[in-house]
Amino acid sequence: MLYTLLNNFMEAGTYEGIPGSDNRGNFILFPLEFQGIITAGAFLKTTSDSIIQIREDDYEKENGKVSKLKVYY
């Protein structure tokens, strides 16, 4: 799914992410290279024009290694 990062409510970039949820809440997985770009407090616009705010940064691990940026909203 595509998400548009908003900076002062202006479009700052569009990024591919994978939505999901776990016992901590709803999240989106992004490639690690977006670390530092998509952070807690950031606003994202979905393809249905909903605006969500990232409340927490985390990481997804595979085989004990950090593999993806995981942001909760």
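What's counted below: heavy atoms across the whole structure, side chains too, no hydrogens, waters or symmetry copies.
- In this structure, L5 and L44 have side chains that are in contact, with non-hydrogen atoms separated by less than 4.5 Å.
- Residues M1 and I18 fail the side-chain proximity criterion, which asks for heavy atoms closer than 4.5 Å.
- Separating the CD1 atom in I38 from the CD atom in E33 is a distance of 10.0 Å, to the nearest 0.5 Å.
- In the hydrophobic cluster analysis, where Ile, Leu, Val, Met, Phe, Trp and Tyr join through side-chain heavy atoms closer than 4.5 angstrom, Y73 is grouped together with F34.
- With sequence neighbours excluded, the residues that form a side-chain contact (heavy atoms from CB on, under 4.5 Å) with D57 are T39, A40, I54, V71.
- The closest donor-acceptor contact from the side chain of D22 to the backbone of R24 lies under 3.5 Å.
- Checked by atom type and distance alone, the side chain of T47 never pairs as donor or acceptor with a backbone atom of L2 at under 3.5 Å.
- Between N26 and I52 there is no side-chain heavy-atom pair separated by less than 4.5 Å.
- Note on L32: it clusters hydrophobically with I28, by side-chain heavy-atom contacts below 4.5 Å among ILVMFWY residues.
- The minimum heavy-atom distance between F30 and E16, with the atom names listed, is CD2-O, 3.3 Å.
- Nearest heavy-atom pair across K45 and D49 is CD-OD1, 3.7 Å.
- Within the 3.5 Å criterion, the main-chain N or O of F43 finds no donor-acceptor partner in the side chain of Q53.
- Under a 3.5 Å cut-off, the side chain of E60 and the backbone N or O of L69 do not form any donor-acceptor pair.
- Aromatic ring centres of Y3 and Y15: separated by at least 6.0 Å.
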